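Below: the structure, in structure tokens.
Owing to the predicted nature of the structure, the values given are computational and were not obtained by experimental measurement.
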Amino acid sequence: GIVRYASNNVPRFDHDPTTGESLGLLIEESRTNLVEYGDFTTGWIEFGGTATSTTATTAPDGTFTAKKITSKGDVATAGLYDSINYQSNTTYTHTMWLKAGTITIAGITVNSGGKWASSNYPYITVNLSTGAVTASGGVSAKATAYPNGWYRLEATGTFAGNTTTDAIWVHSQSGDMSGNNTSYYYVWGPQAEQGAFATSYIPTNGSTVTRAQDTPLITGTNFTDFYNQSEGTLVLSADIGYLATSNQAAVVFEDTSSQSTDLIALGYRVGGGASGGLGGWYQGNSTAVTYKHHNAGVTANSEFRQAFAYKTDDLSSVANGTSPLTDNSGILSTSIDRVRFGEYYADGMTSGHIRQFKYYNKRLPDAQLQGLTQQ
């Protein structure tokens with residue numbers, strides 16, 4: 001439940017912030033935090049509120065870097081805002097952690113509703129004592145509970161018209177603050193990113209910061225020591241956070257020099273298919289050896305399980321313990337030389353987790369594939 005940071009080329013193992021449950025290896029697409037000063041210093045303009053450092057509470061990452069927003073008493077609300085340059089006809093998601101002080105109802109929004117599509121500007125207001133959302137708008141909005149009374153607020157909207165500036169704004173909603181210069185609440189971790197959902201926090205200190213696509217690899221002798229070109233079985237457990245995008249491969253065995261011609265891929269809507277589906281795909285020498293689509297009814301952030309077994313003229317694909325989809329013809333590739341997680345030549349996972357992956361260097365029986373993928 002504590003926000004942690006990882007350096008380049010370090011895997012990120014994620015956990016549920018409320019239960020502490022291990023979710024597996026975190027995979028996210030590339031994103032940029034457009035808020036240049038995540039510490040609420042340069043660029044942030046006070047509107048009815050003063051931001052000060054505090055040791056009264058630790059931030060969601062366990063440090064004393066949260067800010068205390070205290071009402072100035074000169075207007076009805078207590079808050080701050082920071083200008084962002086938005087592109088026309090583009091969807092953005094805004095996030096920030098808030099915690100109750102004497103002010104218990106607060107939220108995040110943008111300054112100018114008229115600049116957003118159909119006035120459908122993003123906003124969310126939350127009772128920080130209970131976590132109940134009291135108001136929301138835009139494409140989507142939600143609050144996620146974190147330890148020590150913190151909530152991460154998320155609000156998504158689509159910018160309209162011309163490319164121009166607007167502002168991410170944090171504000172109180174606990175009644176009129178006029179004449180009140182003592183009431184307060186806490187904030188931390190502002191983020192504005194292009195996309196229809198939030199990703200993990202990207203710290204900034206003076207400029208925008210981009211996190212690249214997560215792409216774990218197994219290559220060289222680390223791969224050839226276990227991989228069998230003639231036969232084998234892949235068993236996957238994963239989840240996906242965003243369902244609107246297809247071809248979100250969770251794992252792919254591929255030819256480094258010709259990624260689109262020789263591959264074995266598993267994951268959400270791999271090879272296309274309808275929303276909620278899973279795909280198992282083997283391609284060799286630019287020819288589809290087999291492609292199987294499973295109408296699995298996958299939902300966001302929920303575990304799904306797949307297995308795929310291959311052997312010359314003997315291939316099988318299974319999802320969530322259902323009946324195998326088989327193929328009794330096809331010549332296998334002899335040039336596959338690495339494993340890549342979360343991405344393949346067509347696209348990659350937008351947001352999700354590799355909960356577990358196993359490889360067997362034998363073609364396991366169909367009944368065993370079903371057993372290994374039962375929910």
Side-chain angles (χ1 to χ4, degrees), residues 16 21-25 27 216 218 223 226-241 243 246-254 262-284 287-333 336 339-344 346 348-349 352-375:
D16 184 283
E21 174 193 5
S22 175
L23 299 175
L25 179 65
I27 303 289
I218 302 175
F223 176 79
F226 74 81
Y227 182 64
N228 184 353
Q229 300 277 12
S230 301
E231 62 176 303
T233 303
L234 290 65
V235 181
L236 169 71
S237 169
D239 65 68
I240 291 292
L243 304 180
S246 65
N247 280 312
Q248 295 192 53
V251 59
V252 57
F253 284 47
E254 62 186 358
D262 291 75
L263 60 90
I264 312 170
L266 298 180
Y268 179 70
R269 298 175 66 184
V270 163
S275 180
L278 298 171
W281 185 12
Y282 192 120
Q283 180 157 305
T287 301
V289 177
T290 192
Y291 164 67
K292 301 299 180 184
H293 178 262
H294 301 269
N295 295 313
V298 174
T299 57
N301 303 310
S302 297
E303 181 185 17
F304 63 82
R305 298 183 181 184
Q306 287 182 266
F308 188 92
Y310 64 92
K311 191 175 182 179
T312 300
D313 297 334
D314 186 13
L315 302 102
S316 185
S317 181
V318 174
N320 295 337
T322 56
S323 298
L325 302 179
T326 60
D327 194 324
N328 296 320
S329 64
I331 299 174
L332 304 183
S333 169
I336 290 173
V339 179
R340 181 162 46 149
F341 293 94
E343 184 182 22
Y344 73 147
M349 288 174 65
H353 303 87
I354 309 297
R355 298 188 177 215
Q356 187 179 79
F357 178 74
K358 295 180 180 181
Y359 175 80
Y360 300 84
N361 63 1
K362 297 290 183 183
R363 196 280 195 215
L364 298 182
D366 286 352
Q368 196 167 352
L369 302 184
Q370 288 182 275
L372 288 168
T373 59
Q374 287 180 340
Q375 296 282 44

(message) Could you check whether any side-chain heavy atom of Gln229 comes within less than 4.5 Å of a side-chain heavy atom of Leu332, counting everything from C-beta outward?
(response) no

(message) Can a donor-acceptor pair be found, under 3.5 Å and without considering hydrogens, that links the side chain of Asn247 to the backbone of Val270?
(response) no

(message) With a 3.5 Å distance limit and no angle check, can you tell me whether Arg355 reaches the backbone of Gly24 through a side-chain donor-acceptor pair?
(response) no

(message) Could you check whether any side-chain heavy atom of Ser316 comes within less than 4.5 Å of a side-chain heavy atom of Arg363, counting everything from C-beta outward?
(response) yes

(request) Specify whether Tyr291 and Trp281 have parallel, tilted or perpendicular ring planes, treating 30° as the upper limit for parallel and 60° as the lower limit for perpendicular. (result) perpendicular

(request) Report yes if some heavy atom in the side chain of Val339 is under 4.5 Å from a heavy atom in the side chain of Val251; otherwise report no. (result) yes

(message) Distance check, rounded to the nearest 0.5 Å: Leu325 atom CG versus Leu315 atom CG?
(response) 12.0 Å

(request) May I ask you to test the Pro324-Leu369 pair for a side-chain heavy-atom distance under 4.5 Å? (result) no

(request) Would you check if the side chain of Asn320 reaches a backbone N or O of Arg305 as a donor-acceptor pair within less than 3.5 Å? (result) yes

(message) Can you see whether Asn228 engages Tyr360 through a side-chain donor-acceptor pair at a distance of less than 3.5 angstrom?
(response) no

(message) If I compare all heavy atoms of Ala319 with all of Leu278, which pair ends up nearest, and what's the gap?
(response) CB-CD1, 3.8 Å

(request) Determine, step by step, whether Leu266 and Phe304 satisfy the side-chain contact (heavy atoms from CB on, under 4.5 Å) criterion, reporting the C-alpha distance in whole Å, the side-chain angles of both residues, the deciding distance to 0.1 Å, and the verdict. (result) CA-CA 11 Å; Leu266 298 180; Phe304 63 82; over 6 Å; no

(request) Could you tell me whether the side chain of Tyr310 and the main chain of Leu234 form a donor-acceptor pair under 3.5 Å? (result) no

(request) Kindly say whether Leu243 contributes a backbone atom to a donor-acceptor pair with the side chain of Tyr268 at under 3.5 angstrom? (result) yes

(message) Please give me the minimum heavy-atom distance between Ala300 and Gly241, naming the atom from each residue.
(response) CB-O, 3.7 Å

(request) Keeping the roles fixed (side chain from Lys292, backbone from Thr326), state whether a donor-acceptor pair exists under 3.5 Å. (result) yes

(request) For residues Leu364 and Leu372, determine if any side-chain heavy atom of one lies less than 4.5 Å from a side-chain heavy atom of the other. (result) yes

(request) Mind telling me whether Phe341 and Phe357 have parallel, tilted or perpendicular rings, with 30° and 60° as the class edges? (result) perpendicular

(message) Do Phe308 and Leu236 make a side-chain contact, defined as non-hydrogen atoms from C-beta onward lying under 4.5 Å apart?
(response) no

(request) Anything under 30° is parallel, anything over 60° is perpendicular, the rest tilted; go ahead and classify Phe223 against Phe226. (result) perpendicular

(message) Test side-chain contact (heavy atoms from CB on, under 4.5 Å) on Ile354 and Met349; report intermediate values, then the result.
(response) CA-CA 10 Å; Ile354 309 297; Met349 288 174 65; 3.9 Å; yes

(request) Mark yes or no for whether Gln306, through its side chain, and Gly267, through its backbone, hold a donor-acceptor pair below 3.5 Å. (result) yes

(message) Between Val298 and Arg269, is there a side-chain heavy-atom distance shorter than 4.5 Å?
(response) no

(message) Would you say that Asp327 contacts Val289 through its side chain, given a criterion of any heavy-atom pair below 4.5 Å between the two side chains?
(response) no

